[in-house]
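Numbers here are sequence positions counted from 1. Because only heavy atoms are used, hydrogens play no part in the values below, and waters and symmetry mates are left out as well, while side chains stay in.
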Amino acid sequence: IMLHSTLALSLLLIAVSSNLAMAIKKEKRAPQTLSRGWGDEITWVQTYEEGLYQAKKSNKPLMVIHHLEDCQYCQALKKAFAENEEIQEMAQDNFIMLNLMHETTDKNLSPDGQYVPRIMFIDPSLTVRADITGRYSNRLYAYEPQDIPFLIENMKKALRLIQTEL
């Protein structure tokens, strides 16, 4: 009888502690990071103003991604962006990164409209690069998942421009 009650008690303790562990785990879920799914290894700035400041200070281009949670095109691009190692590495090492789910007051960031997703580059002299565009003439700064290689080329172009112009 003694053995039986010890077993029952230890089973009870195991059940309680595993429930407790699950409750703690649920509680400890990481808050929504600034990455918003675009790349958790990337250091993201919080605001456009902070991005401009960091770009100037570090002499790195600022890459601004405008997107919305409920936009299927944004979700598809985000997935391709987050899964691409070359983009993730370049973004982390060579760029100041910002993803925004709201419009900025800077009209230079919406030269051809406020559509999403759109990706724009701002160089360390704080010039919005209207010369680094995507493949679509009706939405100059739009990218689709299949445009990832093109986006990589544009990132490299942004880096080259800094070395040659500034």
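Summarising the geometry, atom CD1 belonging to Ile96 is positioned 10.0 Å from atom CG belonging to Asn59; distances are rounded to the nearest 0.5 Å. Atom CD1 in Ile119 sits 5.0 Å away from atom CD1 in Ile65 (nearest 0.5 Å). Taking OH from Tyr73 and CZ from Arg139, the interatomic distance works out to 8.5 Å, rounded to the nearest 0.5 Å. Here the CG-CD distance, from Leu68 to Glu103, works out to 8.0 Å after rounding to the nearest 0.5 Å.
Hydrophobic clustering (ILVMFWY, side-chain heavy atoms < 4.5 Å, transitive): Phe121 and Val64 are in distinct clusters. In the hydrophobic clustering of this structure, Met90 groups with Leu34; members are Ile, Leu, Val, Met, Phe, Trp, Tyr whose side-chain heavy atoms approach within less than 4.5 Å, directly or through other members. Using a 4.5 Å cut-off between side-chain heavy atoms of Ile, Leu, Val, Met, Phe, Trp and Tyr, with links allowed through other members, Leu151 and Leu98 fall into different hydrophobic clusters.
Between the side chains of Glu83 and Gln88, not a single donor N or O lies within less than 3.5 Å of an accepting N or O.
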What donor-acceptor contacts under 3.5 angstrom involve side-chain atoms of residues 42-49, with partners at least two apart or in another chain?
residue: Thr43; atom: OG1; partner: Gln92; partner atom: OE1; Å: 3.3
residue: Thr43; atom: OG1; partner: Gln92; partner atom: NE2; Å: 3.3
residue: Trp44; atom: NE1; partner: Gly39; partner atom: O; Å: 2.8
residue: Trp44; atom: NE1; partner: Ile42; partner atom: O; Å: 3.4
residue: Thr47; atom: OG1; partner: Glu50; partner atom: N; Å: 3.0
residue: Tyr48; atom: OH; partner: Asp106; partner atom: OD2; Å: 2.8

Which donor-acceptor pairs under 3.5 Å do side chains of residues 109-117 form with protein atoms, sequence neighbours excluded?
residue: Asp112; atom: OD1; partner: Tyr115; partner atom: OH; Å: 3.0
residue: Asp112; atom: OD2; partner: Tyr115; partner atom: OH; Å: 3.0
residue: Asp112; atom: OD2; partner: Leu140; partner atom: N; Å: 2.7
residue: Tyr115; atom: OH; partner: Leu140; partner atom: N; Å: 3.1
residue: Tyr115; atom: OH; partner: Tyr141; partner atom: N; Å: 2.8

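Lys157 and Asp131 make their closest contact through NZ-O, 2.9 Å (heavy atoms, listed as atom of the first residue, atom of the second, distance). The two atoms that bring Met63 and Phe81 nearest to each other are CE-CE1, 3.6 Å, heavy atoms only. The two residues Leu62 and Gly51 have their closest heavy-atom pair at CD2-C, 3.7 Å. Minimum interatomic distance between Arg135 and Asp147 (heavy atoms only, all atoms of both residues): NH1-OD1, 2.8 Å. Looking at every heavy atom in both residues, Tyr136 comes nearest to Gln146 through OH-NE2, 4.2 Å. Considering every non-hydrogen atom in both Met120 and Asn108, the closest pair reads CE-O, 3.6 Å.
Asn94 places no side-chain N or O within donor-acceptor distance of the main-chain N or O of Lys60, the cut-off being under 3.5 Å. Distance alone, capped at 3.5 Å, places no donor-acceptor pair between the Thr127 side chain and the Asp123 backbone.
Looking only at side-chain heavy atoms (C-beta outward), Leu159 and Pro61 come within less than 4.5 Å of each other. Using a 4.5 Å heavy-atom threshold, the side chains of Trp38 and Lys78 count as touching.
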- prompt: When you look at Arg129 and Ile122, which way does the side chain to side chain contact (heavy atoms under 4.5 Å, CB included) test go after all the steps?
  reply: CA-CA 6 Å; Arg129 300 306 306 220; Ile122 293 99; over 6 Å; no
field: Worked check of side chain to side chain contact (heavy atoms under 4.5 Å, CB included) between Leu161 and Ile132
entry: CA-CA 10 Å; Leu161 285 172; Ile132 306 179; 3.7 Å; yes
field: Test side chain to side chain contact (heavy atoms under 4.5 Å, CB included) applied to Leu100 and His67, step by step
entry: CA-CA 6 Å; Leu100 286 179; His67 64 106; 5.8 Å; no
- prompt: Going through the checks in order, is the side chain to side chain contact (heavy atoms under 4.5 Å, CB included) test met by Glu69 and Gln75?
  reply: CA-CA 7 Å; Glu69 230 13 89; Gln75 294 300 341; 3.1 Å; yes
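In summary, Glu86 and Lys156 engage in a salt bridge, as defined by a charged side-chain N under 4.0 Å from a carboxylate O.
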